[in-house]
Amino acid sequence: MQQFHPEIRVRFAPSPTGPMTLGNARTALFNWLFAKHMNGSFVLRIEDTDVARSHKDHERDLISALSWIGITWDEGPSVDGSEGEHGSFGPYRQSARTPIYEEYLRDLLKRGLAYRCFCTKEQLEADAASAVSRGIPHIYSGRCRHADQSDHVQRPSVIRFAMPLRRIVFTDYIRGEVVFDTATIGDIVIAKDERTPLYNFAVVVDDERMRISHVIRGEDHIANTPKQIALQEALGFATPIYAHLPLILASDRTKLSKRTADISILNYQQRGYLPEAIMNFLAFLGWHPHGVESEKELFTPLELMRSFDLSRVQKAGAVFNPEKLDWLNGQHIKALPIAELYQYCLPFLLSDNRQHSHSFSSQQLMGIVRLVRDRLTVLSDVRSETEFFFQLPSYEKELLVWKTDSIEHTHAILRRVRELFSSISEDECTAHFLSPAFEPLISEHGKGSVLWPVRVALSGLRGSPGPFEIAEVLGVAEVIRRLDHALTLSS
RNA sequence: GCUCUCAUCGUCUAGCCCGGUCUAGGACAUCGCCCUCUCACGGCGGAAACGCGGGUUCAAAUCCCGCUGGGAGUACCA
């Protein structure tokens, strides 16, 4: 076995057969974090050898998801989704690397390390069925190993690798020593023909040609590893260091599937998750920092980069826990500078042609965001949380009445409040001024009796921010309008 | 079936490599209390785990073996 490539180079190699999933994103993240921490290179390679299942739409989805989360690549396709790419080990799309694979394929064929197989699907299925019934692993019989190779132009065939019979041992960075016996693997198909390589073959060629030093990928690839190592040896390639990440599981502890939660990561963007929250969350699915940081939960991308240690990733699969993601997102929202949060909220705030009985300046809008910030779990919550600023919801008059109060008493208090507001200037309509101004009323009637009806009159809601804060953004005129409405309702 | 793999609160995990400091720590969720005009936020507190059985040892969550249970792979997909 040759030594691995000395310079740290990792790759994230998704196949564009579907949108970017949580599992994919985490694999990408761990590769990226590892590369950044070690000062190595992160390569993005598109594994689109299966033309029938690969789509440009998915490739674009993958690329925009990656850049949204904040994962950047040193080599690979252009970020803009064009056909361009950067880096000196390309092309970075397997579909553009056909001649490279062909060369190695022909070499293997010529040296007799690979051969054409003419077996039909029916034959293969029969072989498998019989193996299962006898309780032995169903591997290819090797029937065509010594078949006449000359007539492959006429008869349909595939290319198989003549798997040498032996033990293959590799040391997984996360799991330690893993042993396979190639007798349980058999002669695998490595290409449909010289110009159509299959996954295991293409990966081996690319990892070598791109000088990949560490292959960090999902645990579902662990069984592919001995196949790839055998191929590397046949081709005289180096064997990278392997690190197999535990899977992200659904709540039933099975692999996260499309229909559970493993939908496109971009859905999380649309629902108002912060990229840094997603990154923080994903990083902690299966990994945990060491030492003094082991009880810290909130990490910025930079902090993750600094603390990341591949050898500390968990061996067991991790269940995806949406509640924790929500909490983390809320925490990241609270930690965001208000101006930045405001920018994030803007698309949700002004997303459609909602009825504005009231229009606000950006200064006011930012004030509104500040008021509801602590109530946001996802950014899209800003929509419902701020609705009442734009349009007073209709409410029952009973809602105005504080606990033991009567509607008459409430009405009387609201009259006094209206008088107070009609006597103040716009500049005085601030929480700072209002709070002491309400003091006499409150000491006379009690906090609840005053504040509750005012707050309901201004918000129309059972729960909301405080009345003074609302008044401050609404302004005197709108406050009086809403008080008048409450007065009419309660009379 | 076969191959590989994993195993600490419901969930994410610290501790395990280098046995004693673990009456097992943190976080999410949950329950209670406090803050409070309300809802959130926040603060405080509670309940909650070393899968089982052997062994090694003065001593095991930590080391070894077995069992059980889970997961993944088993394609002319990746």
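A note on names: the letters A, B, ... follow the listed sequences, proteins ahead of strands, and every chain is numbered from 1.
In this model, a side-chain donor or acceptor of A/R455 finds a partner on the base of B/U38 within 3.5 Å. A donor N or O paired with an acceptor N or O is found under 3.5 Å between the base of B/A78 and the side-chain atoms of A/N224.
Regarding A/L336, its CG atom lies at a distance of 18 Å from the P atom of B/C41, rounded to whole Å. Atom CG in A/D187 sits roughly 14 Å away from atom P in B/A75 (whole-Å rounding). Taking atom CZ on A/F284 and atom P on B/C28, their separation rounds to 13 Å, with Å as the unit. Spacing between atom CZ of A/F320 and atom P of B/G10 amounts to 20 Å, rounded to whole angstrom units. Taking atom CZ of residue A/R253 and atom P of nucleotide B/C6, one finds them 14 Å apart after rounding to whole Å. Atom CG of A/L414 and atom P of B/C37 are 17 Å apart (whole Å). Distance A/L245 CG to B/C6 C1': 14 Å, rounded to the nearest Å. Distance A/L62 CG to B/A78 P: 15 Å, rounded to the nearest Å.
Toward the 5′ end of RNA chain B lies the nearest nucleotide of A/A316, the other residue of the pair A/H290 and A/A316 mapping further downstream.
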So which protein nitrogen or oxygen atoms get under 3.5 Å of nucleotides 1-5 of chain B's nitrogens or oxygens?
residue : atom : partner : partner atom : Å
B/G1    : N2   : A/H138  : ND1          : 3.3
B/U5    : O2'  : A/R175  : NH1          : 3.4
B/U5    : O2'  : A/E219  : OE2          : 3.2

Distances for protein N/O vs nucleotides 22-27 of chain B N/O pairs under 3.5 angstrom?
residue : atom : partner : partner atom : Å
B/G25   : O2'  : A/E295  : OE2          : 2.8
B/G26   : O4'  : A/E295  : OE2          : 3.3
B/A27   : O4'  : A/E297  : OE2          : 3.0
B/A27   : O2'  : A/K324  : NZ           : 3.3
B/A27   : N3   : A/K324  : NZ           : 3.1

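In this structure, of B/C76, B/C77, B/U38, it is B/C76 that holds the atom nearest to the side chain of A/L124.
Looking at heavy-atom distances under 4.0 Å, A/Q331 makes contact with sugar-phosphate atoms alone, never a base. Using a 4.0 Å heavy-atom distance criterion, A/G448 is classed as a sugar-phosphate-only contact. Here A/P467 lies in heavy-atom contact (under 4.0 Å) with a base. A/T49 comes within 4.0 angstrom of the backbone, heavy atoms only, and of no base. Nucleic acid contact class of A/V319 (heavy atoms, under 4.0 Å, all strands): sugar-phosphate only. Using a 4.0 Å heavy-atom criterion, one finds that A/K334 contacts the sugar-phosphate atoms exclusively.
OP1 and OP2 of B/G15 both lie 4.0 Å or more from every side-chain N or O belonging to A/Q314. Here A/R312 reaches the OP1 or OP2 of B/G15: one of its side-chain N or O atoms lies under 4.0 Å away. A sub-4.0 Å separation between OP1 or OP2 of B/U38 and a side-chain N or O of A/K447 is absent.
Shown here are the salt bridge (charged side-chain N to carboxylate O under 4.0 Å, His left out) partners of A/D61, two or more places apart in sequence or in another chain: there are none. Legend: residues meeting side chain to side chain donor-acceptor pair (under 3.5 Å) with A/S464, ordered by chain and number and at least two apart, are A/R455. Listed by chain and residue number, A/Q94, A/P197, A/A202 satisfy the side chain to side chain contact (heavy atoms under 4.5 Å, CB included) test with A/T49 (two or more places apart in sequence, or in another chain). Among residues two or more places apart in sequence or in another chain, the salt bridge (charged side-chain N to carboxylate O under 4.0 Å, His left out) test is passed with A/D181 by none. With sequence neighbours excluded, the residues forming a salt bridge (charged side-chain N to carboxylate O under 4.0 Å, His left out) with A/E303 are A/K296, listed by chain and number. Checked against salt bridge (charged side-chain N to carboxylate O under 4.0 Å, His left out), A/R370 has no partners two or more places apart in sequence or in another chain.
Sequence neighbours left out, the pairs with a member in residues 190-204 of chain A that pass salt bridge (charged side-chain N to carboxylate O under 4.0 Å, His left out) are A/E102-A/R195, A/R106-A/E194, A/R116-A/E194.
None of A/F320, A/F308, A/F299, A/W327 except one satisfies the ring-ring contact (aromatic ring centres under 6.0 Å, His included) rule with A/F284; the exception is A/F299. When each of A/R312, A/E293, A/H290 is tested with A/S307 by the rule side chain to side chain donor-acceptor pair (under 3.5 Å), just one qualifies, namely A/E293.
Ionic pairing of A/E219 and A/K315 is not present here: no N-O contact between side-chain nitrogen and carboxylate oxygen is shorter than 4.0 angstrom. Salt bridge annotation for A/D127-A/R143: present, with a cationic side-chain nitrogen under 4.0 angstrom from a carboxylate oxygen.
Within the shown strands, B/C6 is the pairing partner of B/G69 under the Watson-Crick or G-U definition, both distances less than 3.5 Å. Under the Watson-Crick or G-U wobble criterion, with both distances below 3.5 Å, B/A27 is paired with B/U11. Across all strands shown, B/G20 forms a Watson-Crick or G-U wobble pair, both distances under 3.5 Å, with B/C58. Nucleotide B/G32: paired with B/C44 (Watson-Crick or G-U wobble, both distances less than 3.5 Å). As the counterpart of B/G1, B/U74 is assigned, both hydrogen-bonding distances of the Watson-Crick or G-U wobble pattern falling under 3.5 Å.
Using P as the reference atom, B/G42 and B/A29 are 9 Å apart when rounded to the nearest Å. Rounded to whole Å, the separation between the P atoms of B/G66 and B/G26 comes to 36 Å.
Aromatic rings from A/Y104 and A/F237 are positioned such that their centres are separated by under 6.0 Å.
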For residues 436-447 of chain A, tabulate all N or O donor-acceptor pairs below 3.5 Å that involve a side-chain atom, not counting sequence neighbours.
residue : atom : partner : partner atom : Å
A/S443  : OG   : A/E439  : O            : 3.1
A/S443  : OG   : A/P440  : O            : 3.0
A/H445  : ND1  : A/H409  : NE2          : 3.1

Could you tabulate the donor-acceptor pairs under 3.5 Å formed by side-chain atoms of residues 222-229 of chain A, not counting sequence neighbours?
residue : atom : partner : partner atom : Å
A/N224  : ND2  : A/H221  : ND1          : 3.1
A/T225  : OG1  : A/R217  : NH1          : 3.1
A/T225  : OG1  : A/H221  : O            : 3.3
A/T225  : OG1  : A/I222  : O            : 3.2
A/T225  : OG1  : A/H244  : NE2          : 3.1
A/Q228  : OE1  : A/R217  : NH2          : 2.7

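Looking at residues 190-204 of chain A, you'll see A/K192, A/L198, A/Y199 sit with a heavy atom under 4.0 Å from some atom of RNA chain B.
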